[in-house]
Amino acid sequence: MTALSLGPGPAQREVLARRIRLLVAATIAYNVVEAVVALTAGVLASSTALIGFGLDSVIEVSSAAAVAWQFSARDHAVREAREQRTLRIIAISFFALALYVAADSLRALTGTGEAGHSVPGIVLAALSLAIMPFLSAAQRRTGRALGSASAVADSRQTLLCTYLSGVLLAGLLANMLFGWAWADPVAALAIAAVAAKEGRDAWRGKGCCAPTAGPAAAADEGCCAPNAAPCTATPKPPA
């Protein structure tokens with residue numbers, strides 16, 4: 001009764017690849033602006049969370065650029081060959097962010113620095129909180145339809161930016177409204193923890209693989225579609 005999914009054909013793959021290139025270009029453009037504003041505001045306010053957010057934007061640019069490099073190839077086989085290297089770049093970017101932000105947060109919590117108020121940072125965090133979920137959802141849908149783990153991993157980078165925006169906004173507001181200077185580095189530590197987890201997942205290749213023919217399998221959140229093969233070698237235990 002259920003039709004078998006053989007994955008997208010060559011023409012559909014090209015349409016999806018073109019869509020990914022457009023989404024990646026939009027991601028890079030927005031994150032360049034976001035990085036400049038966040039880093040400038042973070043330095044002026046001595047805000048570890050804002051600087052960490054700005055660095056995440058820089059890393060998001062590098063992650064999106066890696067995906068852009070992968071999908072710059074017109075040949076589908078070449079794009080698939082670049083997949084693992086792209087995932088490694090994304091994972092290393094996450095780890096670098098987690099390491100820097102964790103170290104700087106601990107420095108701030110030990111009393112060697114205290115964050116000031118930043119209205120531009122609050123506005124930026126609110127704006128990103130409104131924009132990033134839509135961009136991430138579009139990337140994820142397209143990556144899953146194409147069966148690209150790297151595109152899905154990059155959508156997680158963008159989704160992480162959404163989480164970070166919420167955490168950053170809460171920390172900056174708590175500092176400004178209640179004088180809780182410690183809220184800024186604590187928010188930054190939350191950013192570091194999420195980044196480390198996402199880096200681990202990207203390194204392991206969690207995301208999705210190309211849809212495969214055969215009987216319909218149980219849907220798994222780590223796969224592109226119900227008929228997709230999970231990327232991890234170890235199957236998930238039954239529920």
Do you know which two heavy atoms are closest between [X] and [Y], and how far apart they sit?
X    : Y    : value
A45  : S118 : CB-CB, 4.0 Å
S62  : S93  : OG-OG, 3.3 Å
G143 : V152 : C-CG2, 3.9 Å

Is there a side-chain contact between W69 and R85, using heavy atoms and a 4.5 Å cut-off? yes
Any side-chain heavy atom of D201 sitting closer than 4.5 Å to one from R156? yes
Can you measure from [atom1] ([X]) to [atom2] ([Y]) and round to the nearest 0.5 angstrom?
X    : Y    : atom1 : atom2 : result
F53  : E60  : CZ    : CD    : 10.0 Å
D154 : L159 : CG    : CG    : 11.5 Å
L164 : M132 : CG    : CE    : 10.0 Å
I122 : L127 : CD1   : CG    : 13.5 Å
I20  : R13  : CD1   : CZ    : 12.0 Å
L129 : T162 : CG    : OG1   : 7.0 Å

Is there a path of hydrophobic side-chain contacts, each under 4.5 Å between heavy atoms, that joins [X] and [Y]?
X    : Y    : result
L173 : L124 : yes
V186 : Y163 : no
L16  : V24  : yes
L50  : V123 : yes
V194 : L168 : yes

Donor-acceptor pair, distance only, cut-off 3.5 Å: does the side chain of R88 make one with the backbone of W203? yes
Go through the steps to decide whether S155 and S136 satisfy the test side chain to side chain donor-acceptor pair (under 3.5 Å), and finish with yes or no. CA-CA 5 Å; S155 78; S136 173; 4.6 Å; no
For F95, does the CZ atom have more than 12 heavy-atom neighbours from other residues, nucleotides or ligands under 6.0 Å away? yes
Enumerate, atom names and distances included, each donor-acceptor pair closer than 3.5 Å involving a side-chain atom of residues 29-44, sequence neighbours excluded.
residue: Y30; atom: OH; partner: S128; partner atom: OG; Å: 2.9
residue: N31; atom: ND2; partner: T27; partner atom: O; Å: 2.8
residue: E34; atom: OE1; partner: S57; partner atom: OG; Å: 2.5
residue: E34; atom: OE2; partner: S128; partner atom: OG; Å: 2.3
residue: T40; atom: OG1; partner: V36; partner atom: O; Å: 2.7

